Amino acid sequence: MWRAPSLALLCALSLTAAANADVLLDDALGRWLDASLSPELAQTLSRHPRFKGATFRFAAIEDGAPAAGSNLLIDAVAERLTRNLRAVEGIRLALPEPPVPCRVPQRIDYLIGIEIKPTRGNSANVSIGAVDLDESVWVSGVSYQWQGRLSGNERRALSSRTALSVAGAADSPLPIADVEQIAAAIGSQLECSLPHGIDGPVYLSTPADPELARVSMALRGKLLITPLAAVTGEPDLARWALDIERRAAGALLGELRVSLKERSGAAQQQVASVFVTGASFRPAPSTAAAPASEPPASSFSLAPASADLLSTLRLRPAEASGICDYHKARVNACAEVEFDLRESAYLFVFSTQSRAVRGIDCASGLTRVDPGTRRFRLRVPPAQLPVPSDAALAEVTGRRRPDAGRYVLATRDRRAARALQRSLQAAPAACGDTHTVPIERWLDGLTATLTEHTGQISWRALQLAHETEGITRL
């Protein structure tokens, strides 16, 4: 009859799994890891274009999602695979980090998830796959399975729980129902982000979402007994506000972000971030109408979407010099479009002119950009011929067809960013494509992308006309 392992045995198994996985994995599972899985995984991670420059970390998976804890057998499997893959060129592995207060965690792009489930008798199923942390989805084509008998040591290690990562990290998320642990994790991060505390009364908002409201209540209770901040229940008396928001990160993981905002609006910063499981963080679909399939001249009628990432676009005069010297030629007239990106995000900026799309970035990589003010110059040639207006056009411009347009799109979601990148690079003659696609057909494809990722993409548009008196917005 199976008996619970003694403390001495657990300590011995801990050392064995962490320092010498060979002793524990000396049977069929270890042979599969060495002879079959390691070579296949090495080839995929080192050669697939998707993983170029990415950083991987092994993590425990439970019921298809990152687990809050691990066990000694999973730790031993991760140790064996780390040893086998560490010397492979092109694979960057992040080693396990012991919890250290206020240390900034390593940037991780992909988790290599390990799930081991006991089956009948002494057997178990082992599943290994890759999770894209930006998209919070399993990576297609990176999935490996093994089924077989475990040795006695392996079975005992499987039942021995461990916790090596910082609670609330991406590879060690907390259950959304465990509000006390979440509040503790947020509180620890607040102490690191704000070592001198918060000067002035703080109001902790209560989100409408019931799950986030429970987290807010638990955090309020913690702050009331710490010297970090003076919490008030009256928003009008507060100098600062702490807001908890959830990030749309797919079905595997959610991220709770805590922001500190000055009530006057002068300052705002993110001060904590905790990853959670146990709830869907996909926002409800928008009821906004789809974009029109046929654009008037160089303008697009994009569907309304959340614009929380972007400020309104501001029209600014361009310097009257260089290629935009309007004294030399009227067709050289330019304007500048300015806007604020409020959070780190994937940013896409392009313009339209004479039924053509211009300024598409044809690079293959995707890079998040920092928040801040940005300014782009745009040439606005005068219309060659007067164009009569029609009812559909009047809804967009109110007057006439624009001579040029500037469009800005932003998203926090990497999957939506990839889809946007593909759509924009397919624009007529955008990236050296000699087979010009009609702009109407291309817009249909962009419309489909925006519809598929409703709620994930923020956008702003500014349409301009070159009038006799100068450049004006429509």
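Please read all numbers here as calculations on a predicted model, not as lab measurements. As a basis for the values below, the full set of heavy atoms in this structure was taken, side chains included, without hydrogen atoms, waters or symmetry mates. Just so you know, residue 1 is the first one in the sequence shown, and it goes up from there.
- In this structure, the side chain of Thr277 does not engage the main chain of Pro173 through any donor-acceptor pair within 3.5 Å.
- In this structure Tyr346 satisfies the ring-ring contact (aromatic ring centres under 6.0 Å, His included) test with no other residue, sequence neighbours excluded.
- Leu24 CG to Asp27 CG: the interatomic distance, rounded to the nearest 0.5 Å, is 10.5 Å.
- Counting all heavy atoms, side chain and backbone alike, Arg80 lies closest to Leu25 at NH2-O, 2.7 Å.
- Using a distance-only test at 3.5 Å, with no hydrogens or angles considered, no donor-acceptor pair links the side chain of Arg149 to the main chain of Asn122.
- Judged purely by atom type and a 3.5 angstrom limit, Glu79 has no side-chain atom pairing as donor or acceptor with the backbone of Ala76.
- A donor-acceptor pair under 3.5 Å links the side-chain atoms of Arg460 to the main chain of Ser311, judged by distance alone.
- Thr44 contributes a side-chain N or O that, together with a main-chain N or O of Glu40, makes up a donor-acceptor pair within less than 3.5 Å.
- To the nearest 0.5 angstrom, Ile128 atom CD1 is 5.5 Å from Leu81 atom CG.
- Contact detail for Gln145 and Ser127: the closest heavy-atom pair is OE1-OG, 2.8 Å.
- Among residues two or more places apart in sequence or in another chain, the ring-ring contact (aromatic ring centres under 6.0 Å, His included) test is passed with Phe348 by none.
- Using a 3.5 Å distance cut-off with no hydrogens or angles, the side chains of Tyr203 and Arg220 do not pair a donor with an acceptor.
- The structure places OG of Ser205 at 7.5 Å from NZ of Lys261, a figure rounded to the nearest 0.5 Å.
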List the steps and the verdict of side chain to side chain contact (heavy atoms under 4.5 Å, CB included) for Leu223 and Val202. CA-CA 10 Å; Leu223 293 178; Val202 177; 5.7 Å; no

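- In terms of heavy atoms, Pro195 sits closest to Cys192 at CD-O, 3.5 Å.
- By the 30° and 60° cut-offs, the orientation of the rings of Phe56 relative to Phe51 is perpendicular.
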Working for salt bridge (charged side-chain N to carboxylate O under 4.0 Å, His left out), residues Arg257 and Asp243: CA-CA 8 Å; Arg257 293 180 173 179; Asp243 293 336; over 6 Å; no

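- Side-chain N or O atoms of Arg57 include none that pairs as donor or acceptor with a backbone N or O of Leu93 at under 3.5 Å.
- In this structure Val258 satisfies the side-chain contact (heavy atoms from CB on, under 4.5 Å) test together with Ile186, Leu242, Ile244, Val271, Ala272, sequence neighbours excluded.
- The closest donor-acceptor contact from the side chain of Ser70 to the backbone of Ile74 lies at 3.5 Å or more, if one exists at all.
- Checked for salt-bridge contact, Asp109 and Arg50 miss the test: no charged N lies under 4.0 Å from a carboxylate O.
- Taking OG from Ser193 and CD from Gln269, the interatomic distance works out to 7.0 Å, rounded to the nearest 0.5 Å.
- The side-chain contact (heavy atoms from CB on, under 4.5 Å) test applied to Val179 returns Arg214, Val215, Ala218, not counting sequence neighbours.
- Pairs of residues two or more places apart, or lying in two chains, that qualify as salt bridge (charged side-chain N to carboxylate O under 4.0 Å, His left out) and include a residue from residues 178-206 are Asp199-Arg239.
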Quick one, Glu89 with Ser46, criterion side chain to side chain contact (heavy atoms under 4.5 Å, CB included). Give me CA distance, side-chain angles, the key distance, then yes/no. CA-CA 7 Å; Glu89 185 177 357; Ser46 63; over 6 Å; no

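- Atoms CZ and OG, from Arg418 and Ser423 in turn, are 14.0 Å apart once rounded to the nearest 0.5 Å.
- For the pair Ser216 (side chain) and Leu212 (backbone), a donor-acceptor distance under 3.5 Å is absent.
- Remark: Arg47 CZ is loosely packed, at most 12 non-hydrogen atoms of other residues, nucleotides or ligands lying under 6.0 Å away.
- Residue Arg155 comes nearest to Leu150 through the heavy atom pair NH1-O, 2.9 Å, listed as atom of the first residue, atom of the second, then distance.
- The two residues Leu424 and Ile360 have their closest heavy-atom pair at O-CG2, 3.6 Å.
- Salt bridge absent: Glu338 and Arg374 never bring a charged side-chain N and a carboxylate O closer than 4.0 Å.
- The distance from atom CG of Leu309 to atom OG1 of Thr411, rounded to the nearest 0.5 Å, is 7.0 Å.
- The two atoms that bring Ser159 and Arg156 nearest to each other are OG-O, 2.9 Å, heavy atoms only.
- Side-chain atoms of Thr373 and Asp340 form a donor-acceptor pair, as typed in the model, at a separation below 3.5 Å.
- In this structure Tyr144 satisfies the ring-ring contact (aromatic ring centres under 6.0 Å, His included) test with no other residue, sequence neighbours excluded.
- Results of the side chain to side chain contact (heavy atoms under 4.5 Å, CB included) test with Tyr110 over Val142, Thr55, Val131, Val139 single out Val139 as the only residue that passes.
- The main-chain N or O of Arg415 is found under 3.5 Å from a side-chain atom of Asp413 such that the two form a donor-acceptor pair.
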